[in-house]
Amino acid sequence: MAELYTVNKVLRKQDAFDAVTRSMADQVQLIPSLKRGERPKDWNGEWEIEPFPSSHDPAIKEGQDKTDGYNVDVGFLLKGSLQIARSKGWKVTRESNLMPSVTEKSVGVSAAKAKAQDSRNLILSIERMLLSDQEVVEKVAADTVTKTRGMMSWLDKAAHAVHPIPTALRPADEFKGDVKTFTEADLKALISKAYRQINGQVSLIGYVGLGLKEIMSNFYAQVPVTQSMRDTLVRTAPANASEIKLVVDTFQYDGGIVRTVVSTNVNTDKASGFLPTDASHLSGAFIDPSMWRLQFLEEMTHIDQKDDGGGPRGFFQSILRLQCLNPMGQFRVVHAAA
């Protein structure tokens with residue numbers, strides 16, 4: 001007689017957030033790369049960074065007593081706030097749910113489709129919020145609308161008024177200006193400063209807008225040409241003359257390596273509901289993924305609302321925080337036209 005064993009059962013609760021994110025791989029690039037952090041214990045969380053090693057001249061003479069003072073290295077403290085993220089919600093009339101369209105095979109599909117679309121909209125909104133320059137808002141009263149600090153704000157080398165980042169931890173540099181003038185020398189300089197800040201080679205992922213990515217891919221073709229070279233310069237046709245390919249995804253220099261991912265979600269406009277702008281396509285966040293966590297007090301959860309006769313309805317909600325363990329050795333590129 002056949003028996004049902006626990007190994008044949010799905011005992012782990014389905015993670016709706018991960019499941020929906022995987023279905024949006026072409027629209028959401030950051031969230032899948034972020035590790036889950038520890039479950040938050042309060043609204044305004046704190047985490048400590050150990051003090052950096054420091055050197056000194058350790059030489060002493062034979063038999064010398066220890067009579068001078070002692071050294072105490074003090075660590076650093078970073079803070080972050082939780083944010084409640086809620087979808088716009090969905091509703092389908094009873095009649096619409098009972099009357100399938102030509103693309104819907106059965107009764108009830110309309111509600112399922114609306115619910116799925118609402119979840120995808122929330123995931124995209126969270127992705128763009130995480131990659132924005134949203135500043136943190138801490139909980140100071142019961143009615144405070146708290147906000148987590150966005151990645152582009154974490155990478156800001158300037159001081160912050162709320163939950164300040166210690167000067168020693170803030171990124172060493174950034175590029176902020178007309179990104180259409182951004183050159184390979186600028187990228188190398190940013191990587192070099194990041195190297196010197198952490199005293200080691202950096203390995204970064206750059207989430208970049210298409211405009212910035214095209215500029216970076218063109219680094220490969222930007223070779224200084226002298227007049228004597230110009231006189232004899234000949235363009236060699238590729239082996240496949242019907243194809244032109246100029247895509248560069250990896251940039252490796254003495255100071256480290258950067259791998260790029262094209263994203264339309266970087267540095268979007270907060271005022272318009274995180275919609276992409278021209279500046280978004282020319283901006284980028286260059287991060288060490290091991291230094292970031294996405295913390296959840298509440299996973300993305302669906303809340304069914306009471307149907308008073310008009311039809312089924314509901315919304316999704318999550319409580320989360322973007323945690324940067326240490327912003328050192330990372331940087332941002334922000335387009336700000338003159």
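One finds no salt bridge joining D254 and K188 here, because no Lys/Arg side-chain nitrogen approaches an Asp/Glu carboxylate oxygen to under 4.0 Å. Note on E135 versus K147: no salt bridge recorded, every NZ/NE/NH1/NH2 to OD/OE distance being 4.0 Å or above. At a threshold of 4.0 Å, the pair R39-E298 does not count as salt-bridged, since none of the basic side-chain nitrogens sits closer than that to a carboxylate oxygen.
Nearest heavy-atom pair across V179 and V333 is CG2-CG1, 3.7 Å. Looking at every heavy atom in both residues, N267 comes nearest to A279 through ND2-O, 4.5 Å. Across L122 and Q317, no two heavy atoms sit closer than the pair CD2-N, 4.3 Å. Summarising the geometry of Q201 relative to G256, their closest heavy-atom pair is CB-CA, 4.2 Å, with the distance given to 0.1 Å. Looking at every heavy atom in both residues, D307 comes nearest to P312 through OD2-N, 3.6 Å. Between Y195 and V202, the shortest heavy-atom contact is N-CG1, 4.1 Å.
Side-chain atoms of R170 come within 3.5 Å of backbone N or O of I165 as a donor-acceptor pair. Counting only distance, with no hydrogens or angles, the side chain of S217 and the backbone of V248 share a donor-acceptor pair below 3.5 Å. Counting only distance, with no hydrogens or angles, the side chain of D173 and the backbone of S192 share no donor-acceptor pair below 3.5 Å. At distances below 3.5 Å, at least one donor-acceptor pair connects side-chain atoms of Q330 with backbone N or O atoms of D288. Remark: the backbone N or O of A114 is not paired with any side-chain donor or acceptor of D118 at under 3.5 angstrom. Side-chain atoms of R259 do not come within 3.5 Å of backbone N or O of I257 as any donor-acceptor pair. The closest donor-acceptor contact from the side chain of R149 to the backbone of H163 lies under 3.5 Å. In this structure, the side chain of T146 engages the main chain of L82 through a donor-acceptor pair within 3.5 Å.
Shown are Q83, R128, K270; of these, the side-chain hydrogen bond (donor to acceptor under 3.5 Å, both in side chains) with Q134 is made only by Q83. With V258 as the partner, the side-chain contact (heavy atoms from CB on, under 4.5 Å) test is satisfied by one option alone out of I205, D249, T250, I191: I191.
Sorted by first then second residue, the salt bridge (charged side-chain N to carboxylate O under 4.0 Å, His left out) pairs that include residues 316-334, not counting sequence neighbours, are D156-R332, E174-R332.
Note on F316: it clusters hydrophobically with V28, by side-chain heavy-atom contacts below 4.5 Å among ILVMFWY residues. Taken together through direct or relayed side-chain contacts under 4.5 Å among Ile, Leu, Val, Met, Phe, Trp and Tyr, V162 and V140 form parts of separate hydrophobic clusters. There is a path of hydrophobic side-chain contacts, each under 4.5 Å, that joins M152 to M216. With hydrophobic clusters built from ILVMFWY side chains whose heavy atoms lie under 4.5 angstrom apart, V92 does not share a cluster with F315. Residue L212 is grouped with residue F251 when hydrophobic side chains (ILVMFWY) are merged at heavy-atom distances under 4.5 angstrom, including chains of intermediate members.
Partners of T67 under the side-chain hydrogen bond (donor to acceptor under 3.5 Å, both in side chains) rule, at least two apart in sequence or in another chain, do not exist in this structure. Taking Q117 as the reference, R120, N121 meet the side-chain hydrogen bond (donor to acceptor under 3.5 Å, both in side chains) condition, with sequence neighbours excluded. Partners of E127 according to the side-chain hydrogen bond (donor to acceptor under 3.5 Å, both in side chains) rule, which considers only residues two or more places apart in sequence or in another chain, do not exist here. Listed by chain and residue number, nothing satisfies the side-chain hydrogen bond (donor to acceptor under 3.5 Å, both in side chains) test with N326 (two or more places apart in sequence, or in another chain). Every residue meeting the side-chain contact (heavy atoms from CB on, under 4.5 Å) condition with S272, not counting sequence neighbours, appears here in chain and number order: D269, L275.
With rounding to the nearest 0.5 angstrom, the CD1 atom of I287 is 5.5 Å from the CG atom of L30.
For the 3.5 Å distance criterion, the side chains of Y207 and S33 qualify, holding a donor opposite an acceptor. Side-chain atoms of S280 and S283 include no donor-acceptor pair closer than 3.5 Å. T181 and D178 are not linked by any side-chain donor-acceptor pair at a separation below 3.5 angstrom, with hydrogens and angles left out of the test. Residues S119 and K115 bring no donor and acceptor atom of their side chains to less than 3.5 Å of each other. There is no side-chain donor-acceptor pair under 3.5 Å between W90 and Q305.
Ring geometry, F331 versus F286: the interplanar angle falls under 30°, so the pair is classed parallel (tilted spans 30 to 60°).
Within the 4.5 Å cutoff, the side chain of P171 has no heavy atoms near those of the L190 side chain.
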Next item on the list: Could you walk me through whether E299 and R36 pass salt bridge (charged side-chain N to carboxylate O under 4.0 Å, His left out), step by step?
Entry: CA-CA 11 Å; E299 301 280 355; R36 296 293 181 90; 2.9 Å; yes

